[in-house]
Amino acid sequence: MSVRFAALPNNGFGRYTGNVAYPYYLPSKNAARSGTCRNTYCHSPGTKPAGSSADPNKSAAWGGTLDCTGCHKGSVSGDYMNTGSHYAHVYGDGSAKSQISCVKCHAATAAADMAISDRSRHVNGQVEVAFDSSSNPTGGSYNGTLATPLSPSVKTPGSNYAVCQNLYCHGGNPVTWGGTVNCQDCHGGGSDADNFGGTFWSDGTTGKIKTAGEWDGTGHGRASGTYPSGTAAANFGVEAKQCEYCHDAGVGHAQASNAFRLRNYSTAAWGRNAVCQNCHGAGSAGVTVGSHLKNSSRKVGSDHYGAKHSNSKNGGQFCWDCHDGHGDTNAYMIHNSVASTSDRTTGAPATTAATSFTAFATGTDYARGAAPYNGICQVCHDSTVNHYTATSGDSHNPGTRCTSCHTHTGPNSSNAFPGSESAGGAPCLGCHATGFANMRTNASYHHYMQNDTATYSNSATPSATDTNRRCLMCHVDHNIFRPDMNAGGARAKNLRTGAIDAVSASVGFTNSDFDNALASGGVCVSCHTNQQTKNSTNRKGNGTTVTPRVTKSEYAGSAHNYAVAGGAFSDASRVNANCIKCHNAQNGETSLKGNFGNHDGTASSILGALGGTLTDPYEAGLCYRCHSNAADAVGGTKKTANARDWYGAVTTMSSRATAIFQSFQKANKHQVDLPAYSGKHKPNAVDESRAYISNAANKHVDCSDCHNPHTATAANPTKGAMGANPTNSTGNWTAPTAWADVSVAGGDDEYKICFRCHSGYNTGLSSWSSAWTDLGKEFSTGNKSYHWIEGDRGAAKADTTYGNFNKTYIYKMMPRYNGFTDAQLRTVRMRCSDCHGSDNAENNPNGPHGSSYARMLKVPAGSPYTTWNSTSQVGGANVWCFNCHLPAFTNSGFSGSGSSLHTSKHSGSKGTCMDCHIKVPHGWQIPHLLKPYNMPANYPAENAAYNGTGTTSRSGIDLPLNSTNWGLSGKWTENSCGSHQNCSGN
């Protein structure tokens with residue numbers, strides 16, 4: 001027999017090694033007929049065109065079987081295909097997961113079991129490229145031609161290699177068969193394509209990084225210059241295999257055990273983070289790829305997986321939980337979305353939080369005190385963390401970069417950013433630089449700090465530049481309040497009990513700024529019980545030189561002595577804010593948890609806004625935050641219920657206490673909101689001296705002019721206010737001879753408050769207002785007649801026999817005398833606020849805040865007696881004086897022919913009240929407040945028919961000022977008036 005291979009594709013090449021002589025080719029002689037075919041195209045590797053051939057990988061024995069590897073070699077070490085890019089595909093790294101079967105690229109001719117699927121397309125002198133549609137998109141092409149099992153792309157063996165494109169295995173990127181392919185050729189793209197779900201390492205989806213702008217801009221691929229952080233560019237792109245600085249080419253694809261194919265994967269020292277610490281660990285040797293060694297000057301010693309982290313909060317366990325070495329739009333290679341939790345096995349992010357970190361000059365670039373709370377140092381944090389969380393932020397060191405205190409290298413490899421919290425003995429400036437700096441400038445109000453030495457101050461009266469002015473004048477050191485260092489400590493217990501109290505692990509520290517049980521009363525009053533001299537250089541000036549004096553005993557009894565609980569610290573402790581609920585400054589300083597602080601402020605007296613718009617000064621505006629009703633137009637965040645204070649800590653405020661704001665909206669009032677008066681009140685008698693008040697340029701009125709907020713009580717709201725105490729002359733109608741500055745006791749001596757502005761104590765009285773009269777002179781107990789407001793001297797001028805009262809309203813005008821008889825009422829002490837106050841008096845705040853009626857007259861609810869002017873007349877329906885004095889004038893002591901001369905001779909059109917009595921009925925040099933014919937200025941009635949300013953008897957009662965004939969009650973008759981104007985015929 002003759003065996004020849006003459007037809008195409010062998011074209012004469014090839015031979016058969018079996019014995020074909022007769023009879024050996026017969027089955028009966030050679031059942032196996034096991035000769036081999038050699039040098040045939042059909043069993044060659046297919047690397048040459050038809051008509052030529054190379055030996056197959058294995059001899060083709062007649063009667064035997066072969067799969068793809070029989071002719072084309074395969075994936076066995078030492079026996080693998082190495083033409084074109086076959087080696088990288090069929091052998092990979094030698095592991096089964098890295099090897100790609102023939103059917104993936106030759107689906108038209110090969111089957112999954114490596115058998116020939118279509119013989120007509122197999123030995124036809126062509127190479128058919130057809131991508132298996134089960135693992136590649138239908139758009140896969142070779143040499144620009146769609147390559148599918150039904151319509152393969154064909155090439156001649158031995159011809160030039162072409163480009164594969166739109167294939168999963170190369171991320172859709174074009175690659176040339178037989179060329180060199182690096183990681184970026186498949187995993188680079190125009191945008192990030194993240195794939196971290198399920199079995200992402202082998203699910204057929206290619207992850208990609210954005211090469212332009214991120215990898216080559218903010219990532220390790222940056223070629224030159226520096227990053228925004230100032231670190232020199234890594235320039236990994238200097239090597240074609242640039243990804244291999246971090247990724248291990250020796251690890252195959254689709255490996256669950258090292259899903260990201262990381263270099264130096266999982267060491268004893270650094271675990272999975274070793275890939276980063278190859279360059280960023282202290283003493284690291286760096287990584288060499290090709291001929292270039294890369295190492296970093298940025299060294300870190302810890303990942304961020306501290307004690308508060310857990311399986312449910314494990315973000316920070318891997319460097320790449322926060323950092324994206326491929327680059328992103330943030331600085332410092334921070335992810336746009338950091339991993340708040342991540343998979344401990346694969347290293348993939350599980351949950352993420354968007355963050356913005358494009359600037360890093362200040363603390364607010366790292367963590368924000370206002371929404372959006374997306375700073376890199378807060379997006380993962382919950383309420384167990386101080387200051388900044390994913391839902392909140394305060395004013396903790398906003399000017400200081402977080403990493404200035406919280407460094408990337410902690411006490412161990414898993415405790416980055418611990419803050420290096422002081423264990424005591426360290427200067428405060430290292431962490432609290434911003435707050436400390438603010439407390440030394442003249443741009444704001446504060447307790448001046450002279451130094452930050454970590455030693456306790458021992459003076460309660462430090463001078464303006466005393467070295468005792470340091471943080472530990474008010475606070476205790478960290479080793480005292482840190483609960484991890486002192487079992488009796490607590491985060492909120494960072495206050496000293498007093499400025500000179502000894503401090504130890506067991507005494508001298510508290511979480512309250514005022515405590516009446518303490519001998520000192522608390523750190524605030526331990527100093528402020530003394531009047532302190534202010535530093536005039538290193539604080540903003542407001543015209544004051546000393547502080548007001550606040551004693552423990554006075555404040556303990558005040559209405560404002562109550563504490564507001566602050567927010568919880570990380571150990572659940574809370575500050576009891578008493579003084580600082582009002583003095584709650586928040587200007588660029590480390591505030592107490594729950595937004596309480598008292599270091600530096602933009603408003604004088606270091607006041608807080610309490611929901612309002614903080615202005616300088618912040619006077620009545622602060623009082624209105626509590627002394628208003630919930631619906632009042634006080635602006636800002638208002639109190640939630642009428643009877644509550646702004647914080648909601650007090651729930652029983654009286655309706656009078658909360659009606660203050662409404663009282664100051666009335667037509668006649670003390671102008672506490674007048675801009676021209678703003679900032680002129682001084683809270684102590686040293687600065688608001690008699691000379692200061694007497695200067696017309698300092699004219700003002702403020703809540704604190706009449707009330708001392710540190711001593712006032714609900715029952716005695718004027719207690720402790722500044723007052724002027726006169727030394728009266730013994731002479732009639734003579735001004736006081738001397739004055740003394742006093743702190744009023746309240747109640748019956750409230751007149752001393754009024755005297756500071758409305759008497760001769762104010763030597764500039766007429767320059768404040770030319771219409772004002774001297775109350776000190778008018779109410780002097782040396783006068784012939786007066787309403788007895790100086791209850792601590794003299795006696796009532798009223799006759800003990802004559803004069804009856806209007807019981808319907810007098811008890812509302814002076815409710816403390818409710819039930820008194822006429823005889824008793826004739827002898828009582830009076831107060832300015834008995835006559836000057838609000839309309840609807842018994843339902844509104846007591847005192848001269850505001851009234852709907854002129855001269856700020858007080859009028860009880862329902863009273864018709866609302867008017868006091870030159871038209872008021874006996875028998876009139878609105879004479880204001882009738883709120884106290886009986887309109888019938890029963891037992892008035894001014895009578896004739898058995899009847900009252902008020903009603904019989906002076907009623908109605910027969911005359912007005914001011915025809916006979918002075919306009920300003922405070923006190924007078926004549927009994928009964930009667931007026932002569934020669935009246936001094938400001939006392940005659942306006943437009944009265946007879947005003948008493950003449951020089952003859954026809955222009956007044958026929959008695960001059962200096963007459964000795966002015967009779968007393970019961971002795972004054974009609975004839976006592978003499979011949980006077982407008983009385984003829986009466």
Side-chain angles (χ1 to χ4, degrees), residues 731-733 773 777-790 794-806 810 822-823 825-828 830 834-835 868 870 872-876 879-896 899-907 910-936 938-941 944 946-948 953 956-983 986:
N732 180 34
W733 197 245
T773 57
K777 186 176 183 180
E778 291 169 350
F779 286 116
S780 172
T781 53
N783 291 336
K784 295 292 186 180
S785 60
Y786 51 77
H787 284 90
W788 188 31
I789 67 163
E790 293 186 356
K797 275 293 185 181
D799 191 283
T800 57
T801 302
Y802 298 100
N804 292 355
F805 299 92
N806 185 347
I810 193 171
D822 288 325
L825 289 171
R826 295 178 196 128
T827 62
V828 298
M830 295 185 66
D834 289 337
C835 296
W868 175 248
S870 59
S872 301
Q873 55 188 224
V874 176
V879 179
W880 174 76
C881 300
F882 292 164
N883 283 303
C884 291
H885 297 283
L886 196 66
F889 289 97
T890 303
N891 192 32
S892 70
F894 180 45
S895 60
S899 64
S900 168
L901 294 176
H902 282 102
T903 55
S904 64
K905 295 291 186 178
H906 298 82
S907 179
K910 297 178 181 179
T912 69
C913 300
M914 291 187 188
D915 283 346
C916 299
H917 298 282
I918 58 173
K919 175 179 68 176
V920 185
H922 295 139
W924 187 232
Q925 53 192 306
I926 297 172
H928 316 302
L929 304 177
L930 291 169
K931 66 181 185 180
Y933 61 74
N934 53 340
M935 293 284 289
N938 291 332
Y939 291 93
Y946 141 52
N947 60 28
S953 61
I957 296 176
D958 196 12
L959 290 173
L961 277 172
N962 58 0
S963 173
T964 60
N965 296 325
W966 296 94
L968 301 176
S969 294
K971 298 179 181 180
W972 190 266
T973 66
E974 180 178 3
N975 293 330
S976 299
C977 299
S979 175
H980 55 277
Q981 181 179 331
N982 205 36
C983 288
N986 290 351

Name all residues meeting the side chain to side chain contact (heavy atoms under 4.5 Å, CB included) criterion together with Thr781; count only those two or more places apart in sequence or in a different chain, and write none if there are none.
-> Asn728, Tyr786, Trp788, Glu790, Arg793

Starting at CG of Asp834, measure out to SG of Cys884 and round the result to the nearest 0.5 Å.
-> 7.5 Å

Not counting sequence neighbours, which residues clear side-chain hydrogen bond (donor to acceptor under 3.5 Å, both in side chains) with Asn732? List them please.
-> none

Residues passing the ring pair (Phe, Tyr, Trp, His ring centres under 6.0 Å) test with Trp733, sequence neighbours excluded, are Trp924, Tyr939

Got a sec: does the NZ of Lys784 have more than 12 other heavy atoms crowding it under 6.0 Å?
-> no

Contact summary for Pro887 and Asn806, nearest pair of heavy atoms = CD-ND2, 4.1 Å

So His917 and Leu930, side chain to side chain contact (heavy atoms under 4.5 Å, CB included) or not? Walk me through it.
-> CA-CA 4 Å; His917 298 282; Leu930 291 169; 3.4 Å; yes

Within-4.5 Å side-chain heavy-atom neighbours: Tyr802 and Arg826 = no

Exam field: side chain Trp868 to backbone Lys919, donor-acceptor pair closer than 3.5 Å = yes

Looking at Phe894 versus His906, is the centre-to-centre ring distance below 6.0 Å?
-> yes

Tell me, do His885 and Ser892 make a side-chain contact under 4.5 Å, heavy atoms counted?
-> no

Determine whether Val879 and Cys913 make a side-chain contact, defined as any pair of heavy atoms from C-beta on separated by less than 4.5 Å.
-> yes

Are side-chain heavy atoms of His928 and Ser785 found at a separation under 4.5 Å?
-> no

Report yes or no: does Asp822 contribute a side-chain atom to a donor-acceptor pair with the main-chain N or O of Asn804 at less than 3.5 Å?
-> no

Do Leu929 and His787 come within less than 4.5 Å of each other through their side chains, counting heavy atoms only?
-> yes

Asn883 side chain reached by Ile810 side chain, heavy atoms, under 4.5 Å = no

Using the test ring pair (Phe, Tyr, Trp, His ring centres under 6.0 Å), find all partners of Phe779 that sit at least two apart in sequence or belong to another chain.
-> His922

Please list, chain by chain and in numerical order, all residues satisfying side-chain hydrogen bond (donor to acceptor under 3.5 Å, both in side chains) with Asn783, sequence neighbours excluded.
-> none

Looking only at heavy atoms, which two atoms of Thr903 and Ala888 are closest? And how far apart?
-> CG2-O, 3.8 Å

Between Phe882 and Phe889, is any pair of side-chain heavy atoms under 4.5 Å apart?
-> yes

Does Thr773 have any side-chain hydrogen bond (donor to acceptor under 3.5 Å, both in side chains) partners at least two apart in sequence or in another chain, and if so, which?
-> Glu778

